[in-house]
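Reviewing the structure listed below.
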Amino acid sequence: MMGNINTLLPDIKSFIPVEQAIAPKHPLAKNLQLPIPDPRKAKPEIIRAIQIRERIPGIVKRLIPLDSDLSWEYWWCVPGRLLLPEDVEVLNKDLPRLENIVAKLVWLFGGCCFSNQTKYQDESQAVYDWQQVKEFARQ
């Protein structure tokens, strides 16, 4: 059974430093507030044309809280939007930071790898090595 993160790891900030928890700035961040139609109400072609013309990013920052004082930021792909070249550049540059955080969390909590052939959750052994998770994903 998983315990409280504060009892497992008293100083989360030493585990994931604050500066590592912060995602880099997006070069088009100022365009995120520009109006764009709701993908449930507009045709994808219209949304994409506006997004490309106005240079509206296809990714936004999201937060995952680790404790009451620390959250880590990750990039979330906005449904119905394209990934612009600037989005891809941000994702590529941020990959080492995110992999470092995820590797630490997998080491601490473990994870389970499931494939299309996995019938029951109990069939999967806990994995505590991020490289094993990556190898499994490549199969």
Single-linkage hydrophobic cluster, 4.5 Å side-chain cutoff, [X] and [Y] together:
{"X": "Leu108", "Y": "Ile101", "answer": "yes"}
{"X": "Val60", "Y": "Leu95", "answer": "no"}
{"X": "Leu32", "Y": "Leu34", "answer": "no"}
{"X": "Val102", "Y": "Trp76", "answer": "yes"}

Side chain to side chain contact (heavy atoms under 4.5 Å, CB included) against Tyr128, all qualifying residues, sequence neighbours excluded |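 Only Ala126 meet the side chain to side chain contact (heavy atoms under 4.5 Å, CB included) criterion with Tyr128.
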Quick one: OH on Tyr74 to CZ on Arg97, what's the gap to the nearest 0.5 Å?
->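 Here the interatomic distance stands at 12.0 Å.
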Could you state the interatomic distance from CG (Leu98) to NZ (Lys93), rounded to the nearest 0.5 Å?
->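 NZ of Lys93 is found 14.5 Å from CG of Leu98.
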Report the residues that fulfil salt bridge (charged side-chain N to carboxylate O under 4.0 Å, His left out) with Arg62, sequence neighbours left out, ordered by chain and then residue number.
->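 Partners of Arg62 by the salt bridge (charged side-chain N to carboxylate O under 4.0 Å, His left out) criterion come out as none, since no residue qualifies.
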For Arg81, all residues meeting salt bridge (charged side-chain N to carboxylate O under 4.0 Å, His left out), sequence neighbours excluded =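 By the salt bridge (charged side-chain N to carboxylate O under 4.0 Å, His left out) rule, Arg81 matches no residue at all.
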Show me the donor-acceptor pairs within less than 3.5 Å that the side chains of residues 15-26 make with the rest of the protein, sequence neighbours left out.
| residue | atom | partner | partner atom | Å |
| --- | --- | --- | --- | --- |
| Gln20 | NE2 | Asn100 | OD1 | 2.8 |
| His26 | ND1 | Leu28 | N | 3.0 |
| His26 | NE2 | Asp87 | OD1 | 2.6 |

Enumerate the salt bridge (charged side-chain N to carboxylate O under 4.0 Å, His left out) contacts for [range], please, sequence neighbours excluded, ordered by first and then second residue.
{"range": "residues 107-117", "result": "none"}
{"range": "residues 126-136", "result": "Glu99-Lys134"}
{"range": "residues 100-111", "result": "none"}

Side chains of [X] and [Y], heavy atoms from C-beta outward: is any pair under 4.5 Å?
{"X": "Phe136", "Y": "Val133", "answer": "no"}
{"X": "Ser71", "Y": "Ile64", "answer": "no"}
{"X": "Val127", "Y": "Cys112", "answer": "no"}

Please name the pair of heavy atoms, one in Ile56 and one in Pro35, separated by the smallest distance, quoted to 0.1 Å.
->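 It is CD1-O, 4.0 Å.
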Please answer whether the main-chain N or O of Leu82 pairs with a side-chain N or O of Gln51 as donor and acceptor at a distance below 3.5 Å.
->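 Side chain of Gln51 to backbone of Leu82, a donor-acceptor pair under 3.5 Å: yes, one is there.
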Is there any ring-ring contact (aromatic ring centres under 6.0 Å, His included) pair reaching into residues 38-71, and which pairs are they, with sequence neighbours excluded?
->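 Applying ring-ring contact (aromatic ring centres under 6.0 Å, His included) to every pair that reaches into residues 38-71, excluding sequence neighbours, yields nothing.
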Listed partners of Glu86 passing side-chain hydrogen bond (donor to acceptor under 3.5 Å, both in side chains), at least two apart =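 With sequence neighbours excluded, Glu86 shows a side-chain hydrogen bond (donor to acceptor under 3.5 Å, both in side chains) to Arg55, given in chain and number order.
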Residues sharing Leu63's hydrophobic cluster, by side-chain heavy-atom contacts under 4.5 Å among ILVMFWY, directly or via others?
->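 In the cluster with Leu63 there is nothing else; it is isolated.
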Who else is in the cluster with Leu91 when I, L, V, M, F, W and Y are joined by side-chain contacts under 4.5 Å?
->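 Same cluster as Leu91: Ile59, Trp75, Leu83, Val88, Val90.
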Show which side-chain atoms of residues 38-47 pair as donor or acceptor with protein atoms under 3.5 Å away, not counting sequence neighbours.
| residue | atom | partner | partner atom | Å |
| --- | --- | --- | --- | --- |
| Asp38 | OD1 | Arg40 | N | 2.8 |
| Asp38 | OD1 | Arg40 | NE | 3.1 |
| Asp38 | OD2 | Arg40 | NE | 3.3 |
| Asp38 | OD2 | Arg40 | NH2 | 2.7 |

